[in-house]
Amino acid sequence: MAEASVAHGRSIVEVESLSYRYPKGKAPTLKGITYGIDAPRFVAIMGPTGAGKTTFAMTLNGLVPQFFEGDMWGRVLVMGMDTQKFRIQTLVSRVGLVMQDPETQIFGITVREDVAFGPGNMGLPPAEIEGRIAESLRAVRLAGYEGRFTSELSGGEKQRLAIAGVLAMRPDVLVLDEPTSELDPLGRNEIYAAVDRLRRERHLTILAVEHSSEDIADRADEVVVVNQGEVVWRGRPRDLFCNVPLTMSFGIRPPQVCEFGWRLYELGLISQHDVPLTVSEAADLVRRILKGRAIPRGVLRTLREAAPDDFPPVTPPSCQATLHGTSGSDASSQTQGGPGRPGTTTCAPVAIKVEGLEHSYGPTTQALRGIDLEIRRGEFVALVGQNGAGKTTLVKHFNNLLKPTRGRVEIDGIDTRGETIGSLSRRVGYVFQNPDHQIFCSTVEEEVGYGLRNLGLTPEAARERVREVLRFVGLEAVADRHPFTLGKGERQRVAVASVLVMKPNILVIDEPTTGQDWTGAEQMMRLVRDLHRAGHTIIMITHDMRIVAEYAQRVIVMHKGKVVADGTPAEVFSQREVLRSAYLAPPQISLLADELAEIGMPAGVTTVDEAVALVAAALEKAP
C-alpha cells in the first residue's frame with residue numbers, strides 16, 4: 001500500500017463512476033455514483049433503508065472494498081488518496097468514520113481507554129492524548145465518565161463514546177453513519193452543534209448518513225438522496241424539504257414545519273415559495289398571514305371534542321374523567337385526572353404498580369431512586385428521558401430481567417419478587433431495542449413459536465397460534481425465511497411476533513423506530529397502534545418526541561433515576577423547563593406554538609393537524 005502524499009489543491013472527495021457488489025451479492029449495492037466535494041462543507045446523505053448509504057460511507061475510508069472485499073468499479077479519492085491503494089490504517093487518520101452500531105468500534109475497558117485508543121495509535125505524546133480525551137468527551141457530554149466501564153454504558157452513551165473516539169483523532173473528513181439515532185433530542189442537538197463548531201474551527205468536511213430531516217435541515221449545505229444504490233437527487237435542503245411531496249416520494253419524512261407550511265399552501269393561504277424550513281421562519285409566516293389577528297380561545301378543545309379520531313384524546317380510554325374547575329385553556333383540555341389535577345376519575349384496573357423502586361449497578365451506580373408509579377390496563381404510555389435516565393432499567397423490572405434493590409413491583413396485583421422470568425412472560429412481553437438480541441432460530445416460524453414450547457399446547461394449536469400472529473404482523477409470506485435474511489424493520493416484526501404469540505396483556509417496546517427510515521417507522525408504529533387497539537397495554541421507550549405526540553396517550557419523563565413529569569403529551573410538552581433539565585425537547589410544532597404564544601397559539605399544540613386547524617380558524621377558513 002502507498003503512504004500518504006496528498007497533492008495540494010486536490011478535491012476533498014472525488015467519486016468517479018463508483019459501483020460495488022458485496023461478496024456473493026447477486027446485484028451491485030452501489031451503481032455508477034459520481035460525486036465530488038471541493039471545499040469543506042456539511043453533506044447529509046439520505047434515503048430509504050437498504051439504499052446503499054452505509055456502503056457508500058464505508059468506501060470513503062477503504063473498509064469497502066479492503067475489509068469487506070467484493071467487486072468495486074470506478075474509484076474513490078479522499079484528500080487525494082485512492083481508497084483502494086492506501087492502507088486503511090493510513091486512511092483513518094484523515095477520514096474518521098462513526099458507524100451505525102457503536103459497539104463495533106468500542107475497544108477500551110473504560111471510557112478513557114477507549115477515547116485514547118485512536119490518538120495512542122497515532123503515536124501522540126501522553127499530554128496531547130489527555131487533552132484530546134477531555135475535549136472530545138466534553139463535546140459529546142460525557143465529561144466525568146472517564147473511569148466508567150464501557151460495558152456499563154447505555155446504548156446512547158456508547159454512541160456518544162464512539163463519536164468521541166473518532167473526534168479525538170481530529171480527522172479532515174468526518175463520516176457519520178446515523179450518529180444520533182439512539183440519542184435523546186438535546187443529545188442529538190449537542191452532537192450536531194459540536195460538529196458545527198468543529199467544522200468552523202477546523203474547516204472539517206462532514207458527511208452524515210441521517211434519517212431525521214429536522215436535525216440537518218438548517219445545518220447541511222447539501223443533501224444527497226441515495227436510492228437503490230444510485231444518487232437520485234442532490235441540492236440544498238430547502239429545495240428538498242420545502243417540497244413536501246418530493247421529499248415523501250424519496251421515503252423521507254419532511255420537517256414538521258415544512259409539512260405545516262405545505263398544508264397552508266394547499267389551502268391557498270401562501271405560495272409554494274413561502275413554505276418555511278425552520279421554526280422561526282414558520283412563526284414569521286403565520287404572523288404575516290394573520291395580519292394582527294389572534295387565534296380564538298377554546299378552538300383547540302372544540303376541535304378535539306368534534307373530531308376525536310383526528311386529534312389527541314382528551315383522556316385515555318382507560319379513564320373516564322369528570323372535570324371540575326378547569327381554567328378553560330386549551331392546554332388543560334387534556335387533563336387526565338389524578339393527584340394534583342382537578343376532577344374525579346374512574347379508571348381501569350392497575351396493570352403495573354411500582355412502589356419505592358430503587359436499583360443499583362454495584363456500589364457506586366444508582367440507576368433508580370425511589371420510583372412510585374401506576375400504569376393502568378389499556379394505556380399507551382411513552383417513557384422518555386435522556387440516555388442513562390433509567391428508562392430501560394425501570395422496564396426490565398416488569399418481567400424480572402432485573403430485581404429491585406429496594407421497593408417492589410406488582411404486575412396485575414402479583415408481586416414480581418415471587419415470580420420467574422418465564423411466568424411473567426405470559427403477562428409482560430418485552431421487545432428489545434435491537435431485535436437481533438432476541439433472534440436465534442433458523443426460520444421465522446420457528447423463532448415465533450419458540451416460546452410456546454413450555455405452554456403445553458398441542459403442535460397443531462401452537463402452529464395455528466403462530467400463523468395467526470404472523471398474519472397480524474404481516475410476515476406470513478416470509479415464515480420459511482431465515483430471520484437474518486430480512487431487513488431490520490422485518491426483524492423487529494419477528495421480535496414483536498415472538499412476544500405476541502405468548503398473548504401477554506402488557507407490551508414493553510424499547511425504541512421501536514431507532515435506525516429506521518420513515519416508511520419503516522410508520523409501519524412499526526401502525527403495528528404498535530393496532531396492538532393497542534386490540535387491548536394491549538403499551539409501554540414504549542423512545543427518543544422521538546414526534547412519535548410520542550402522534551401516538552401516546554400518556555408521557556412519563558425520567559431524569560437521573562426519578563420520574564420528573566407525568567401527563568398527556570400536551571401537558572408534558574408544555575413543561576419546557578422540566579424537559580430542558582431532562583435533555584428533551586418537544587416536537588417542532590410545539591416549539592412553533594411557543595413562538596406564537598403572543599397571538600393566542602395554545603401551548604398544548606402537539607401535531608401539524610392542530611396547528612393548521614388553529615391558523616385556519618383564525619382566518620375563518622375550513623382546514
Side-chain angles (χ1 to χ4, degrees), residues 317-318 348-349 351-352 375-381 395 398-399 401 411-412 414 419-513 516 519-540 551 553:
S318 56
I352 300 173
I375 295 173
R376 297 183 178 273
R377 289 185 190 172
E379 283 196 282
F380 191 141
V381 178
V395 298
F398 299 165
N399 65 351
L401 285 174
I411 304 297
D412 293 330
I414 299 170
E419 300 295 311
T420 65
I421 294 174
S423 65
L424 286 173
S425 68
R426 304 183 192 186
R427 298 179 181 273
V428 182
Y430 193 118
V431 182
F432 289 89
Q433 179 176 346
N434 186 341
D436 300 345
H437 290 172
Q438 61 191 101
I439 290 175
F440 48 85
C441 291
S442 58
T443 71
V444 169
E445 187 171 20
E446 286 179 41
E447 181 67 40
V448 174
Y450 185 85
L452 299 178
R453 297 182 180 185
N454 297 321
L455 292 189
L457 297 176
T458 66
E460 182 53 39
R463 280 195 296 271
E464 179 53 36
R465 190 184 288 192
V466 169
R467 285 194 290 266
E468 178 186 348
V469 170
L470 289 176
R471 281 195 297 270
F472 185 83
V473 300
L475 291 176
E476 254 188 316
V478 297
D480 296 329
R481 293 265 302 273
H482 194 292
F484 287 108
T485 66
L486 306 177
K488 182 180 179 183
E490 290 175 308
R491 295 201 305 276
Q492 272 190 308
R493 286 173 176 265
V494 172
V496 171
S498 65
V499 168
L500 281 182
V501 78
M502 303 295 291
K503 295 191 174 180
N505 292 320
I506 301 164
L507 286 174
V508 177
I509 305 177
D510 196 346
E511 293 285 0
T513 62
Q516 295 206 48
T519 302
E522 289 278 293
Q523 290 173 345
M524 177 54 64
M525 290 312 303
R526 281 197 293 269
L527 174 59
V528 174
R529 182 186 59 201
D530 290 345
L531 292 168
H532 179 240
R533 289 175 174 172
H536 292 280
T537 302
I538 303 293
I539 300 155
M540 174 180 69
Y551 290 92
Q553 299 167 320

Are I352 and V428 close enough that some pair of their side-chain heavy atoms sits under 4.5 Å apart? no
Strictly distance-based, threshold 3.5 Å: is any side-chain N or O of R493 a donor or acceptor partner for the main-chain N or O of Q523? yes
Provide the closest heavy-atom pair for V473 versus A497 in the form atom of the first, atom of the second, distance. CG2-CB, 4.0 Å
F472 meets the ring pair (Phe, Tyr, Trp, His ring centres under 6.0 Å) criterion, sequence neighbours left out, with none
Is there a side-chain contact between Q438 and V499, using heavy atoms and a 4.5 Å cut-off? yes
Can you give me the closest heavy-atom contact between V431 and A495, atom names plus distance? CG1-CB, 4.1 Å
Name the one of Q492, M525, E522 that satisfies side-chain contact (heavy atoms from CB on, under 4.5 Å) with T513? M525
Is the closest side-chain heavy-atom distance between H536 and I506 below 4.5 Å? no
Min side-chain heavy-atom separation M502-L455 under 4.5 Å: yes
Using side chain to side chain contact (heavy atoms under 4.5 Å, CB included), reason through V444 and E490 one step at a time and then give a plain yes or no. CA-CA 10 Å; V444 169; E490 290 175 308; over 6 Å; no
Heavy-atom pair of closest approach, residues L486 and R491: O-NH1, 2.8 Å
Is any side-chain heavy atom of L401 less than 4.5 Å from a side-chain heavy atom of Y430? yes
For the atom pair CG (D436) and CD1 (I439), what is the distance rounded to the nearest 0.5 Å? 5.5 Å
Might you work through the side chain to side chain contact (heavy atoms under 4.5 Å, CB included) test for L507 and L500, ending with a clear yes or no? CA-CA 8 Å; L507 286 174; L500 281 182; 3.7 Å; yes
Sequence-distant partners of E476, salt bridge (Lys or Arg N to Asp or Glu O under 4.0 Å), two or more places apart: R471
Are E468 and R465 within salt-bridge range, i.e. N to O under 4.0 Å? no
Would you check if the side chain of E447 reaches a backbone N or O of F440 as a donor-acceptor pair within less than 3.5 Å? yes
Identify whether the distance between the nearest side-chain nitrogen and carboxylate oxygen of R467 and E460 falls below 4.0 Å. yes
Between F380 and H532, ring centroids under 6.0 Å: yes
I'd like to know if the side chain of R377 reaches the main chain of P349, judged simply by a donor and an acceptor atom lying under 3.5 Å from each other, with no hydrogens or angles considered. no
Among T443, V496, L470, whose side-chain contact (heavy atoms from CB on, under 4.5 Å) with V448 holds? L470
Should T537 and I375 be marked as a side chain to side chain contact (heavy atoms under 4.5 Å, CB included) after you check the CA-CA gap, both sets of side-chain angles, and the distance that decides it? CA-CA 9 Å; T537 302; I375 295 173; 4.0 Å; yes
Please step through side chain to side chain contact (heavy atoms under 4.5 Å, CB included) for the pair F398 and I539, ending with a clear verdict. CA-CA 11 Å; F398 299 165; I539 300 155; 4.0 Å; yes
Applying side-chain hydrogen bond (donor to acceptor under 3.5 Å, both in side chains), can you list everything that pairs with N505, at least two apart in sequence or on another chain? none
